[in-house]
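Please read through the structure below; I'll follow up with questions.
In what follows, chains carry the letters A, B, and so on, assigned in the order in which the sequence lines appear, proteins first and then strands, with residues in each chain numbered from 1. Any value given below was found using the heavy atoms of this structure, including those in side chains, with hydrogens, waters and symmetry copies removed.
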There are 2 protein chains.
Amino acid sequence: MDQSDLPHRNWQLSERARKLTSSAIREILKVTERPEVISFAGGLPAPSTFPAERIRAATDRVLREAPAAALQYSATEGYAPLREWIAARCSTAGATIRPSQVLITTGSQQALDLIGKALIDPASPVLVETPTYLGALQAFSLYEPRYVQVPTDDDGLIPEALTSELVKGARLLYAQPNFQNPTGRRLTLERRLALAQFAKTSAFPVVEDDPYGALDYAGKPLPTLLSMAPDHIAHCGTFSKILAPGLRLGYIVAPEELHYKLVQAKQATDLHTPSLTQRIVHEVIKDGFLDEQVPAIRALYASQCEAMLDALARHMPQGVSWNRPEGGMFLWVTLPAGMDTMQLLEAAIAHDVAFVPGAPFFANEAASNTLRLSFVTVPPARIDEGIARLAALTRERL
Amino acid sequence: MDQSDLPHRNWQLSERARKLTSSAIREILKVTERPEVISFAGGLPAPSTFPAERIRAATDRVLREAPAAALQYSATEGYAPLREWIAARCSTAGATIRPSQVLITTGSQQALDLIGKALIDPASPVLVETPTYLGALQAFSLYEPRYVQVPTDDDGLIPEALTSELVKGARLLYAQPNFQNPTGRRLTLERRLALAQFAKTSAFPVVEDDPYGALDYAGKPLPTLLSMAPDHIAHCGTFSKILAPGLRLGYIVAPEELHYKLVQAKQATDLHTPSLTQRIVHEVIKDGFLDEQVPAIRALYASQCEAMLDALARHMPQGVSWNRPEGGMFLWVTLPAGMDTMQLLEAAIAHDVAFVPGAPFFANEAASNTLRLSFVTVPPARIDEGIARLAALTRERL
């Protein structure tokens, strides 16, 4: 059945809904839920890092101390103490972030939806990295933009490529400067300075999506674009990678005028993020818990990353290249030109190993010889086994 | 400051965001958060009905028994046991609802947003009751429809008014058959049959929004449109009025083809509703708890409604009329022609009493002498005092 039709009825869908197509990859990857599959596909944080007992105790306190408020409707902007905590966390010596800039969202996917709602008209140019985060493409695409790919290299987005011709008429530039999904690349300090300067003079906001910033293995974070140009950035963050994604708690820090529009859009979209989950998260983090939690996640993911790098070096044939992430959850593999990772995926699934092909991460022209590997869900022993299988399949195809 | 501009920057907003205006009423009603104000404005369920202890115990169980699943990413469609529970709850002798028709949403406001996303293009005709639910107008308006008002009377929407001329080109008809917000009206059985028949032959879905159906004081619910035309209705429900709104948990039951599009739209919008809140709600309700909970809420709201009807009869001058709701949370007052309830609201606020003027509930031409009263948040003694003040102000203006 072609899912873009409603065969039994003549109901008419919106243009945007007609363009929504079933993701072939999503369908293929459904089989990776089988326990025997070694899956490097999902971006699922390691469940061993979820502070379940602490969340349980926090929920207990919240529901004993403020049951009516935790279970009642609440402000669209979000729970005030949590907004204050986020503003303080995002502030630096040079840039004070105000709680009035913070909007709590139902995960950072909603942040992207609201940004699309507020800024994108059909055919508006939207600038994205090459490749870029698939979830952002999905969110923005419902508002039917025209994507413009910004060139990148191993150091991330190339600011010099943002010529007046390329950026003409753009509504926003979307970037993940820290350990980008899918490539794991980090934007260099020099380029951050250049991009912040660009944001200060451009006719549109730079959206800094930062889900992985805290997962910097060496604990030496580079400054955010937000800290460099606080009045010109829409900065998205999330608790999904440092606490638990099932809570669906993210946020946008934006200049008040844009913030105000995002609040109006959110009110129409889901009124507010659950009062209960906002209070649980604030209760968990308010006394410094992340100072213990985040280093533990970093150490785990750094060791998993190392295990995958070792396995790749051990098993992959010549001609295959990959990067060495300094943080985050993903690395990016490039096979020899001419190879197609969609075809490789079908073979891989048959051998109980999975990854995400690179193509869907490209807004326009795709490099079909690329793929994304997540190293955070599978334990080291199985990482080696999975990479060995993948390497064998790659070698067969060379 | 005109909030539709971004004065310090020349960022361009989307057309839909430019049309979003700050609600004058919302601004006025912000003062009703002062404890001395007797507010009949908010649709806030009575916090005394929230089963906080049961929710606390359920959370405890969920986080002890399935911590990894409750805190991890989960399926966009929602938690399978909860979807099964909802399908069973919505099924009747004549109509079996399948779990595959159920999508869990982040409150029923999100259900409306997703329906707008899937069905409305700019300038598409959308049929709504006269008046209709303000939150639906807010959700749909982001997709820039052209509203067509369907005439109503004290028995709700008038099916005979749905002529082929009126409904031409419509993408959906939106209705609240049970104890409508804002009027408290219930659609009669005869009209339900006619509307279900209409749904079976129309070229667009009828959206049956049913947040208040369980709050039927006499416990004699009329059949839903869903039960009468299960393949032709998009039925929205919520746990906000029978458990707690701060959990933000709602759902849409729709034919699979539309369901599939709504799932795709939801994936792009917020990936999924929090895993934790879905499991909490299922844990709370799975053993029949609502069979005790709902009758208690009904009894409370019935007595509050009675208190307000008594107070209106005691205090209001001749020429003011109102309905007698058989369920739900609201009643609808009509002042003599020529009176303006927006002006009355300003005077009322000065006397520490609040309501919502009727005008914003009309999609197009409004009856500006109407107002909505909620009787569920304020206890009976204060209801009388509040209505007395409102009556005095009305009398002054006659």
Side-chain angles (χ1 to χ4, degrees), chain A residues 3 6-8 10-17 20 44 47 50 52 55-56 59-60 63-64 67-68 70-74 106-107 109-110 113 117-121 138-139 141-143 171 203-205 244-248 257-258 260-261 264-265 267-271 273-277, chain B residues 3 6-8 10-17 20 44 47 50 52 55-56 59-60 63-64 67-68 70-74 106-107 109-110 113 117-121 138-139 141-143 171 203-205 244-248 257-258 260-261 264-265 267-271 273-277:
Chain A
Q3 297 286 0
L6 296 177
H8 308 320
N10 52 353
W11 296 352
Q12 192 174 341
L13 294 170
S14 65
E15 271 292 311
R16 75 184 75 77
L20 278 170
L44 303 182
F50 300 162
I55 290 171
R56 199 196 57 71
T59 309
D60 209 80
L63 285 172
R64 285 185 199 279
L71 296 173
Q72 187 57 284
Y73 286 116
S74 58
T106 310
Q109 185 69 27
Q110 189 188 45
D113 176 61
K117 264 193 172 120
L119 293 169
I120 303 173
D121 283 314
Q138 289 177 322
S141 290
L142 279 169
Y143 305 102
R171 293 295 177 87
F204 51 85
L247 297 167
R248 308 303 306 124
E257 305 93 325
L258 178 58
Y260 191 87
K261 281 289 163 189
Q264 289 182 314
Q267 197 190 19
T269 300
D270 70 355
L271 293 186
T273 293
S275 318
L276 181 62
T277 53
Chain B
Q3 296 287 3
L6 297 177
H8 309 319
N10 53 353
W11 295 353
Q12 192 176 341
L13 295 171
S14 64
E15 271 293 309
R16 75 185 77 78
L20 278 170
L44 303 183
F50 299 162
I55 291 172
R56 198 196 57 70
T59 311
D60 209 79
L63 284 172
R64 285 184 198 279
L71 297 172
Q72 186 59 282
Y73 287 115
S74 57
T106 310
Q109 186 69 27
Q110 188 187 47
D113 176 61
K117 265 193 171 122
L119 293 170
I120 303 174
D121 282 315
Q138 290 177 323
S141 290
L142 279 169
Y143 304 102
R171 293 298 177 82
F204 50 86
L247 297 167
R248 310 302 307 120
E257 306 90 325
L258 179 58
Y260 191 86
K261 281 288 165 189
Q264 288 182 314
Q267 195 190 22
T269 299
D270 70 355
L271 293 185
T273 293
S275 319
L276 181 61
T277 54

task = Would you name the heavy atoms of A:Tyr143 and B:Tyr143 that are closest together and state the gap between them?
result =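 Nearest heavy atoms, A:Tyr143 then B:Tyr143: OH-OH, 4.1 Å.
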
request  = Would you indicate whether the side-chain heavy atoms of B:Pro274 and A:Leu247 approach each other to under 4.5 Å?
outcome  =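 No, their side chains stay 4.5 Å or more apart.
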
request  = Would you name the heavy atoms of A:Ala68 and B:Phe50 that are closest together and state the gap between them?
outcome  =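 So the two residues come closest at O-CE1, 3.8 Å.
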
ask   = Residues in side chain to side chain contact (heavy atoms under 4.5 Å, CB included) with A:Thr59, at least two apart?
value =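 Side chain to side chain contact (heavy atoms under 4.5 Å, CB included) check on A:Thr59 returns A:Ile55, A:Leu63, A:Ile280, B:Thr59, B:Leu63.
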
ask   = Any idea which of B:Pro205, B:Ala70, B:Ala265 has the most non-hydrogen atom pairs under 4.5 angstrom with chain A?
value =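 Highest number of pairs under 4.5 Å: B:Pro205.
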
task = Please name the pair of heavy atoms, one in B:Leu71 and one in A:Ala244, separated by the smallest distance, quoted to 0.1 Å.
result =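 Taking B:Leu71 first and A:Ala244 second, the nearest heavy atoms are O-CB, 3.4 Å.
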
key: Pairing residues for A:Asp270 by the salt bridge (Lys or Arg N to Asp or Glu O under 4.0 Å) criterion, not counting sequence neighbours   =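 Scan of A:Asp270 (salt bridge (Lys or Arg N to Asp or Glu O under 4.0 Å), adjacent residues dropped) gives A:Lys266.
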
key: Positive for side chain to side chain contact (heavy atoms under 4.5 Å, CB included) with A:Arg248, one of B:Leu271, B:Leu276, B:Thr277   =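 Among B:Leu271, B:Leu276, B:Thr277, the one that satisfies the side chain to side chain contact (heavy atoms under 4.5 Å, CB included) with A:Arg248 is B:Leu271.
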
inquiry  = Looking at chain B, which one of A:Arg56, A:Glu15, A:Gln110 has the largest number of heavy-atom pairs inside 4.5 Å, strictly under?
reply    =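 Looking at each of A:Arg56, A:Glu15, A:Gln110 in turn, A:Arg56 comes out on top.
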
inquiry  = Measuring from atom CH2 of B:Trp11 to atom NZ of A:Lys261, what distance do you get when rounded to the nearest 0.5 angstrom?
reply    =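 If I round to the nearest 0.5 Å, the distance is 14.5 Å.
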
key: Side-chain donor or acceptor of A:Arg16 paired with backbone N/O of B:Ile120 under 3.5 Å   =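 At least one qualifying donor-acceptor pair exists.
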
ask   = Do you know which of A:Ala139, A:Pro67, A:Ser74 has the most heavy-atom pairs with chain B at a distance under 4.5 angstrom?
value =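 Heavy-atom pairs under 4.5 Å are most numerous for A:Ala139.
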
task = Before giving the answer on side chain to side chain contact (heavy atoms under 4.5 Å, CB included), spell out for B:Gln267 and A:Leu20 the whole-Å C-alpha distance, their side-chain angles and the decisive distance to 0.1 Å.
result = CA-CA 11 Å; B:Gln267 195 190 22; A:Leu20 278 170; over 6 Å; no

request  = Could you have a look at A:Ser275, A:Ala203, A:Ser14, A:Ser141 and say which one has the most heavy-atom pairs with chain B under 4.5 angstrom?
outcome  =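 Sorted descending by pairs with chain B, the first entry is A:Ser14.
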
Shortest non-hydrogen contact between A:Leu13 and B:Arg171, atoms and distance =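 The answer is O-NH1, 3.6 Å.
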
Which atom of B:Ala268 lies closest to which atom of A:Leu142, heavy atoms considered =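 Here B:Ala268 and A:Leu142 meet closest at CB-CD1, 3.5 Å.
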
